[in-house]
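Remarks on the structure that follows.
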There are 2 protein chains.
Amino acid sequence: MSEVHTGESLLFLTDEQLRQGIEAVFFAYRGFTSAPDQILEGMAYGRAHHRAIHFIARAPGMNVNRLLAILGVTKQSLNRVLRTLIEDGLVESRVGRADKRERHLYLTEEGAALEGRLSEAQRAWMRAAYRKAGPDAVTGFRQVLEAMMDPELRRLYAGLREG
Amino acid sequence: MSEVHTGESLLFLTDEQLRQGIEAVFFAYRGFTSAPDQILEGMAYGRAHHRAIHFIARAPGMNVNRLLAILGVTKQSLNRVLRTLIEDGLVESRVGRADKRERHLYLTEEGAALEGRLSEAQRAWMRAAYRKAGPDAVTGFRQVLEAMMDPELRRLYAGLREG
DNA sequence: ACATTACGTCAGCCTTGTTGACATTCCAAG
DNA sequence: CTTGGAATGTCAACAAGGCTGACGTAATGT
């Protein structure tokens with residue numbers, strides 16, 4: 001990996017080095033999801049519910065279409081997840097004021113409580129990984145991840161910050 | 001993010017920064033799987049088949065138990081995938097010489113051909129992301145990923161290199 | 001001889017993705 | 001103002017790929 005280390009060098013990467021990167025992503029993703037998975041197991045929810053809750057918490061009042069685009073699933077698939085969350089009183093769906101076709105999504109108090117548990121667990125896990133790797137590594141990590149994101153998705157993601 | 005940038009500083013990370021990291025992983029993983037997924041769609045295979053093929057290519061002659069541990073699924077789940085691959089002539093299962101209970105797995109010529117297509121597509125994608133991010137970022141990326149891996153899995157993964 | 005290990009298989013379940021069909025609402029063209 | 005099309009969201013049915021449990025068979029180890 002010495003070629004990768006030296007700052008000014010060209011990026012000379014063997015297939016073997018690339019393969020190692022690929023496998024590292026695969027294995028790391030398992031760790032990434034394990035903390036929330038453990039909280040959810042036993043409850044009637046899975047990863048799909050976690051994802052929905054996460055992004056509703058992040059941008060309260062988001063409509064279904066927006067959430068659909070972010071999650072990258074079909075509306076039917078999301079709807080099933082959303083329905084159980086609404087039935088269980090974790091998510092509230094309000095009919096849009098301007099456009100009554102739209103449903104705007106909010107976490108209830110109970111939903112926010114679960115979201116808090118999930119995201120705190122995942123943050124703690126992430127913090128631990130960051131600490132092990134060190135500050136410089138974290139910067140590089142974020143840069144590569146940004147480069148890995150689909151450009152259109154990055155647009156959408158940036159749009160989230162404004163609302 | 002200035003705290004993260006400065007090399008010697010403590011790792012001071014706000015919840016917001018951690019959340020961004022979490023979301024980046026989520027979004028990046030989508031891109032990561034999309035190239036192989038596109039090749040596989042239309043064929044009768046999915047991600048599960050890709051994973052099996054990948055690791056059989058990486059360590060030919062691996063027995064089923066070992067593959068099971070690496071993939072982290074049940075034997076029933078793996079078996080379904082493996083059965084179709086064997087039936088279709090992409091994977092060969094040879095009875096172990098030393099221990100005849102074991103089955104050792106190999107790619108056939110056809111299997112290797114598919115593996116080549118899949119991994120080349122994924123490597124190309126990975127290479128592009130690395131290039132965008134630059135050499136220093138790649139080093140950091142790898143360090144964080146290693147830190148994200150489950151310790152036991154890392155042991156297993158290291159063991160792969162020897163055989 | 002007997003328990004254990006490695007592997008395969010059948011059956012059945014759950015989550016989470018898919019498509020297809022449909023109701024409601026909005027908007028713009030006639 | 002009406003009406004047809006587009007957008008939004010819901011219901012139904014199906015497929016992939018996880019899971020558990022139970023069982024069979026062959027080979028190995030004690």
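Computed from a predicted model, the values in this text were never measured in an experiment.
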Checking contacts here: which listed nucleotide (C:dG8, D:dA27, C:dT18) is nearest the side-chain heavy atoms of A:Val73? C:dT18
With a 4.0 Å cutoff (strictly under), does any side-chain N or O of B:Thr74 reach OP1 or OP2 of D:dG18? no
In plain terms, say whether B:Asp37 and B:Arg30 are close enough for a salt bridge, that is, a side-chain N and a carboxylate O under 4.0 Å apart. no
So what does A:His49 hit on the nucleic acid, given a heavy-atom distance under 4.0 Å: a base, only sugar-phosphate, or nothing? sugar-phosphate
Check every strand shown and say whether A:Ala52 touches a base, only sugar-phosphate, or nothing at a heavy-atom separation below 4.0 Å. nothing
For the side chain of B:Arg101 and the base of C:dT5, is some donor closer than 3.5 Å to an acceptor across the two? yes
For the side chain of A:Arg80 and the base of C:dT16, is some donor closer than 3.5 Å to an acceptor across the two? yes
The side chain of A:Ala48 is closest to which nucleotide in this list: C:dT16, C:dG8, C:dT25? C:dT16
A:Met62 CE to D:dG9 C1', straight-line distance once rounded to whole Å: 17 Å
Is B:Gly72 touching bases, backbone alone, or none of the nucleic acid, heavy atoms closer than 4.0 Å? sugar-phosphate
Contact class for B:Arg83 vs. all strands (heavy atom < 4.0 Å): base, sugar-phosphate, or nothing? sugar-phosphate
CD/B:Glu109: more than 12 non-hydrogen atoms of other groups inside 6.0 Å: no
Could you tell me if A:Arg94 sits above the aromatic ring of A:Tyr106, with its cationic atom closer than 6.0 Å to the ring centre and no more than 45 degrees from the axis? yes
Take atom NZ of A:Lys75 and atom C1' of C:dA21, then tell me their distance rounded to the nearest Å. 10 Å
Do other residues, nucleotides or ligands put more than 12 heavy atoms under 6.0 Å from the CD atom of A:Glu152? no
Please determine whether a side-chain nitrogen of the Lys or Arg among B:Asp15 and A:Arg127 lies less than 4.0 Å from a carboxylate oxygen of the Asp or Glu. yes
What nucleotide among D:dG9, D:dG18, D:dT28 has an atom nearest to a side-chain atom of B:Lys100? D:dT28
Measuring from the side chain of A:Asn65 (C-beta onward, heavy atoms only), which nucleotide among C:dC7, C:dT19, D:dG9 has the closest atom? D:dG9
Side-chain contact check for B:Asn63: nearest option of D:dC19, C:dC7, D:dA27 is C:dC7
Do A:Gln76 side-chain and C:dG17 base share a donor-acceptor contact under 3.5 Å? no
